[in-house]
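Only one structure is covered here, and it is reproduced in the block below.
In what follows, every heavy atom counts, from backbone to side chain, and hydrogens, waters and symmetry copies are set aside. Throughout, numbering of the chain's residues begins at 1 and tracks the sequence.
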Amino acid sequence: QVQLVESGGGLVQAGGSLRLSCASSGRTNSPLHMGWFRQAPGREREFVAAISWIRNTKDYADSVKGRFTISRDNAKNTVYLQMNNLKAEDTAVYYCAASGTWSSIRLRERVGSWGQGTQVTVSS
């Protein structure tokens with residue numbers, strides 16, 4: 001079992017930046033691909049970004065490419081999401097995710113573990 005705890009959300013003006021962090025504990029000695037999803041009010045939870053266990057392969061949703069950067073520090077069991085040039089449509093609860101396979105980390109229905117979420121609000 002993996003426990004995930006997000007931090008770093010908050011209120012920011014459009015064009016600003018935030019960095020989210022996700023600390024993992026529990027099954028940290030096994031390969032874990034990590035990712036971020038988000039859910040806005042009235043909408044389904046959607047994929048944002050993912051990073052692989054060793055090779056740091058990255059994948060992004062088209063809506064955040066060029067603005068968001070995912071990274072990880074395996075020594076600290078932490079994954080980050082740097083969000084730049086934020087837009088009002090980025091407002092959502094952001095969830096950290098972990099899965100044992102690369103294919104499952106990008107599919108909401110197949111994610112193995114979820115964090116509790118952190119609110120990001122972008123004012124226009």
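The nearest pair of heavy atoms linking Met34 to Val79 is CE-CG1, 3.9 Å. Closest non-hydrogen pair, Arg67 versus Ser63, comes out as NH2-O, 2.9 Å. Across all non-hydrogen atoms, the minimal contact from Tyr60 to Phe68 is CE2-O, 3.3 Å.
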In sequence, state the C-alpha distance, the side-chain angles, and the governing distance for Ile51 and His33, and then conclude on side chain to side chain contact (heavy atoms under 4.5 Å, CB included). CA-CA 6 Å; Ile51 186 167; His33 305 289; over 6 Å; no
Before you tell me yes or no, could you show the steps for Arg72 and Asn74 under side chain to side chain contact (heavy atoms under 4.5 Å, CB included), namely the whole-Å CA-CA distance, both residues' side-chain angles and the distance that decides it to 0.1 Å? CA-CA 6 Å; Arg72 68 188 298 165; Asn74 287 341; 2.7 Å; yes
Under the side chain to side chain contact (heavy atoms under 4.5 Å, CB included) rule, what do Tyr94 and Met83 come out as? Steps first, then yes or no, please. CA-CA 12 Å; Tyr94 283 70; Met83 306 185 293; 3.9 Å; yes
Hey, mind stepping through Leu81 and Thr69 against side chain to side chain contact (heavy atoms under 4.5 Å, CB included) and telling me if it holds? CA-CA 6 Å; Leu81 186 68; Thr69 302; over 6 Å; no
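Under the salt bridge (Lys or Arg N to Asp or Glu O under 4.0 Å) criterion, Arg106 pairs with Asp59, sequence neighbours left out. Under the rule for a side chain to side chain contact (heavy atoms under 4.5 Å, CB included), the partners of Ala40 that lie at least two apart in sequence or sit in another chain are Arg43, Ala92. With sequence neighbours left out, the salt bridge (Lys or Arg N to Asp or Glu O under 4.0 Å) criterion links Glu109 to no other residue. With sequence neighbours excluded, the residues satisfying side chain to side chain contact (heavy atoms under 4.5 Å, CB included) with Ser103 are Thr101, Arg110. Here Thr121 pairs with Gln119 under the side chain to side chain donor-acceptor pair (under 3.5 Å) rule; sequence neighbours left out. With sequence neighbours left out, Asp62 forms a salt bridge (Lys or Arg N to Asp or Glu O under 4.0 Å) with Lys65.
Hydrophobic side-chain contacts under 4.5 Å tie Tyr95 into a cluster, directly or through other members, with Phe37, Phe47, Val93, Val111, Trp114. Hydrophobic cluster membership of Trp102, counting Ile, Leu, Val, Met, Phe, Trp and Tyr whose side-chain heavy atoms lie under 4.5 Å apart directly or via other members: Ile105.
Atom CD of Glu6 is separated from atom OG of Ser24 by 11.0 Å, given to the nearest 0.5 angstrom. For the atom pair CG of Leu4 and OG of Ser25, the computed distance is 7.5 Å after rounding to the nearest 0.5 Å.
Applying the disulfide (SG to SG under 2.5 Å) rule to pairs touching residues 68-124 yields Cys22-Cys96, sequence neighbours excluded. Residue pairs that meet the salt bridge (charged side-chain N to carboxylate O under 4.0 Å, His left out) test with at least one member in residues 32-42, sequence neighbours left out, are Arg38-Glu46, Arg38-Asp90. Residue pairs meeting the salt bridge (charged side-chain N to carboxylate O under 4.0 Å, His left out) criterion with at least one partner in residues 74-85, sequence neighbours excluded, do not occur; the list is empty.
If you chain together hydrophobic residues whose side chains sit under 4.5 Å apart, Val64 and Leu86 fall into the same group.
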Please set out all donor-acceptor pairs under 3.5 angstrom arising from side-chain atoms of residues 7-20, sequence neighbours excluded.
residue	atom	partner	partner atom	Å
Ser17	OG	Asn84	OD1	2.9

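Between Trp36 and Ile70, the closest side-chain pair of non-hydrogen atoms falls below 4.5 Å.
Without hydrogens or angle criteria, Ser104 side chain to Ser99 main chain gives no donor-acceptor distance under 3.5 Å.
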